[in-house]
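Below: one structure, written as structure tokens.
Below, each value reflects all heavy atoms present in this structure, side chains not excepted, and no hydrogens, waters or symmetry copies. Note that the structure is predicted; figures quoted are calculated from it, not measured. Atoms within each ligand, like the ligands themselves, are counted from 1 in listed order.
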Amino acid sequence: MTDGHTGGRVGGHGDRRILHLGLGNFHRAHQALYTEDAGRFGDPWTITGVAGSTRGVVAALRRQRMRYSVVTLGPGQTDVRVVGSITDAFVAADEPGRTTDEIADPATRVVSLTVTEKGYGISARSRGLDLDAPGIRHDLAGGPPRSTVGRLAAGLLRRCRTSAAPVTLLSCDNLTANGTTLAGLLRDFAGAMPARDGAELLGFLDDAVTCPDTMVDRIVPATTGEHRRLAAEAGFHDDVPVPAEPFTMWVMRDSFAAGRPAWQEAGAVLTDRVQDYETVKVRLLNGTHSLLACLGLLTGHDLIADAAADPVIARAAARLGDEYEATLVLPDGFDVAAYRRQLGERFANRRLAHATAQVAADGSLKLAQRVPDAALWHMRRGRLPATLALTVAAWLKCLAHPDRLPGGGGRAPADPNAARLRALGERAAGGGTPARRGRDLALLCLQEEALLGRELGERTEFVTAVGELLAELERGGVPAAVEATSGSGPSAGGHGGGGPAVPSGGP
Ligand SMILES: NC(=O)c1ccc[n+]([C@@H]2O[C@H](COP(=O)([O-])OP(=O)(O)OC[C@H]3O[C@@H](n4cnc5c(N)ncnc54)[C@H](O)[C@@H]3O)[C@@H](O)[C@H]2O)c1
Ligand SMILES: O=P(O)(O)OC[C@@H](O)[C@@H](O)[C@H](O)[C@H](O)CO
């Protein structure tokens, strides 16, 4: 066990602070480690972690003198490291006003975020801020802020009116162009605020706030008793250890308004080409992860490693990799073949026990990041990306008919749109044949509700393909649906793209 905690740091160095919103597992296995390592090279920075409303992690950290462990699990390798870079933590809901105070405090120089895709309040239809989302409406009405964007806006406005000190907002979530997207959402929010406040916030955003794009990569599953056992075995009784794979990567644009830790010394890559890295990762890793998770759930696999080892699912994943790879602008010198090989090994890491239900969760938000742009890229070139259509069909099948999943509805992934998707599934269930039911469900979800955006919903060929694959899933399960996409292009050799995609028709 290695102990990175330096005694006496707690409460010190208050003038170089990161305020982190979203004290989940990922931050604690990624940015917190880079920050601690960077502190050995440059000025040490500390992190104040903010949990939205759940108290468990904050309470445990306090009990443990703000220390926790990261349990790295590789094939044949276990490493337990105690981390101490998070020196304070609180629950936003329990301390109303504190998040605003902390964002306004000039000692806070970076506000970083891992609040999940759904934490940003993005509208699937417009891809801007969903001004009708209850949390956003509440915050615009002037109550103590509850949404992430509302909290940031309140804190920034206070900062602007007090010190006006510059600050960086650093999104570390799996969103396409995450920093640029966050800046746009804040502008949308400012545009809907009372005019004077909105104008002031917009001016501050222009003058004193940067939102660098980042690409973050490390597979970090949920904690189980096994991780507590491994930490204890290494000598640290930890209620909130974080499991992680050995691989880690962080790429960001070096655009920090008020300084940053020496993250490059800890292995982070600073570049202006972040979006290229990010697109590679969000498509090849996260997009393939979504397919493995949904086909895995439909087949009865609880773990990503089992789905990845299933030859039928592996075939689909390889084809999806080809479809994604064709769309990519690769960073200079990036070896995509090696990256894909390594991804295969990472997905196969059984020791991680990464649950298919966890990766498939919130699919309605995640797929919006992972599917439409790549699918539209192909269709603008006259090709139908059949395996991207299969990703959507598999996700719809899991959510529209959760009770039919092997093992029952208890295995259905959580999703903020779960009830809506179930209701759409029921509406489509009346069609007389699998073909009719599949077509109706695809039309309802993608065209009428535009769950993956208007532009994709208007692509009749894509919606039709999704409907036909839903019918195949109903008739012959995952093997039939994967087989139906087999004419869609080479499974090796990359830039092949599609051909005729899925068979049409049959009852
Ligand atoms: N876990 C990974 O492997 C991994 C890897 C790369 C990036 N990420 C990014 O980090 C995010 C969080 O992953 P995690 O492993 O920490 O998950 P987690 O379940 O451990 O934690 C989720 C965090 O998000 C917050 N949150 C959830 N819904 C929210 C909402 N509506 N508004 C505000 N905050 C909300 C929770 O309070 C919690 O702090 C992912 O969604 C992804 O964008 C995760
Ligand atoms: O974290 P999410 O919820 O966006 O997606 C689930 C996984 O695909 C994701 O967590 C990966 O493990 C991670 O992005 C690897 O860097």
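Listed by number with element, the atoms of ligand 1 under 4.0 Å from a non-hydrogen atom of Gly119 are 30 (C), 31 (N), 32 (N). With ligand atoms numbered from 1 in the order given, ligand 1 contributes 3 (O) to contacts under 4.0 Å with heavy atoms of Ile219. The Gly24 neighbourhood of ligand 1 comprises atoms 16 (O), 20 (O), 21 (O), 39 (O), with distances under 4.0 Å to a heavy atom of that residue. Close contacts of ligand 1 with Arg218, meaning ligand atoms under 4.0 Å from a residue heavy atom, involve 2 (C), 3 (O), 4 (C), 5 (C). Counting the atoms of ligand 1 from 1 in the order shown, those under 4.0 Å from a heavy atom of Gly22 are 39 (O). For ligand 1 and Lys118, the ligand atoms under 4.0 Å from any heavy atom of the residue are 28 (N). Within the listing of ligand 1, atoms 9 (C), 10 (O), 11 (C), 40 (C), 41 (O), 42 (C), 43 (O) sit less than 4.0 angstrom from a heavy atom of Asp173.
Put simply, no part of Met249 is less than 4.0 Å from ligand 2, judged by heavy atoms. Remark: distances from the non-hydrogen atoms of Met215 to ligand 2 are all 4.0 Å or more.
Nearest protein heavy-atom contact of atom 37 (O) of ligand 1 is Gly52 N, 4.0 Å. The protein heavy atom nearest to atom 5 (O) of ligand 2 is Arg370 NH2, 3.2 Å. Considering only non-hydrogen protein atoms, atom 12 (C) of ligand 1 sits nearest to Thr116 CG2, 4.0 Å. Of the protein's non-hydrogen atoms, Val220 O, 3.0 Å is the one closest to atom 1 (N) of ligand 1. Protein heavy atom nearest atom 33 (C) of ligand 1, with residue, atom name and distance: Thr148 OG1, 3.4 Å. When hydrogens are left out, the protein atom nearest atom 13 (O) of ligand 1 is Phe26 CB, 3.8 Å; that is the closest non-hydrogen contact. The closest protein non-hydrogen atom to atom 9 (C) of ligand 2 is Asn286 ND2, 3.4 Å. The single protein non-hydrogen atom nearest to atom 16 (O) of ligand 2 is Asp217 OD1, 2.6 Å, given as residue, atom name and distance. With respect to atom 1 (O) of ligand 2, the closest heavy atom belonging to the protein is Asn174 ND2, 3.4 Å.
Distance check, rounded to the nearest 0.5 Å: CZ of Arg159 to CG of Asp105 gives 7.5 Å.
Side-chain contact of Thr210 with Thr168: a donor-acceptor pair under 3.5 Å is present, judged by distance alone. A donor-acceptor pair shorter than 3.5 Å can be found between the side chains of Asp238 and Gln64. Side-chain contact check for Ser85 and Tyr34: no donor-acceptor pair (N or O, by modelled atom type) lies under 3.5 Å. No side-chain donor-acceptor contact under 3.5 Å links Tyr324 and Thr387.
Note: Tyr339 and Phe334 have tilted aromatic rings, judged against thresholds of 30 and 60 degrees for the angle between ring planes.
Checked against a 3.5 angstrom limit, the closest N/O atoms of Asn25 and ligand 1 fall inside it. Distances between N or O atoms of Leu23 and those of ligand 1 include at least one value under 3.5 Å. Inclusion of Val216 in the set of residues having an N or O under 3.5 Å from an N or O of ligand 1 is not warranted. Considering both main-chain and side-chain atoms, Glu117 comes within under 3.5 Å of ligand 1 through a nitrogen or oxygen pair. Residue contacts with ligand 2: Lys281 is placed with a nitrogen or oxygen under 3.5 Å of a nitrogen or oxygen of the ligand (distance criterion only). Considering backbone and side-chain N/O of Cys172, none are found under 3.5 Å from N/O of ligand 1. Note: no N/O pair closer than 3.5 Å links His27 and ligand 1 by distance alone. Taking distance alone, with nitrogen or oxygen atoms compared against 3.5 Å, Lys366 approaches ligand 2 more closely than that limit.
In this structure, the side chain of Thr391 does not engage the main chain of Leu291 through any donor-acceptor pair within 3.5 Å.
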Exercise. Could you please spell out the steps behind the salt bridge (charged side-chain N to carboxylate O under 4.0 Å, His left out) verdict for Asp415 and Arg420?
Key: CA-CA 10 Å; Asp415 194 295; Arg420 192 167 158 206; over 6 Å; no
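Under the salt bridge (Lys or Arg N to Asp or Glu O under 4.0 Å) test applied with Lys118, the options Asp173, Asp130, Asp362 reduce to a single match, Asp362.
With atom 29 (C) of ligand 1 as the reference point, the heavy atom nearest to it among Val91, Thr114, Val115, Leu285 is part of Val115. Considering only non-hydrogen atoms, atom 12 (O) of ligand 2 lies nearest to His289 out of Arg346, His30, His289.
A cation-pi arrangement is absent between Arg109 and Phe256 under the rule of less than 6.0 angstrom and at most 45 degrees off the ring axis.
Under 4.0 Å is where a charged nitrogen must lie from a carboxylate oxygen, and between Asp37 and Arg81 at least one such pair does.
Note that atom 23 (C) of ligand 1 has protein non-hydrogen atoms nearby, at separations under 4.0 angstrom. Proximity of atom 10 (O) of ligand 1 to the protein is indicated by at least one non-hydrogen atom lying closer than 4.0 angstrom.
Within 6.0 Å of CZ on Arg55 lie no more than 12 heavy atoms contributed by other residues, nucleotides or ligands.
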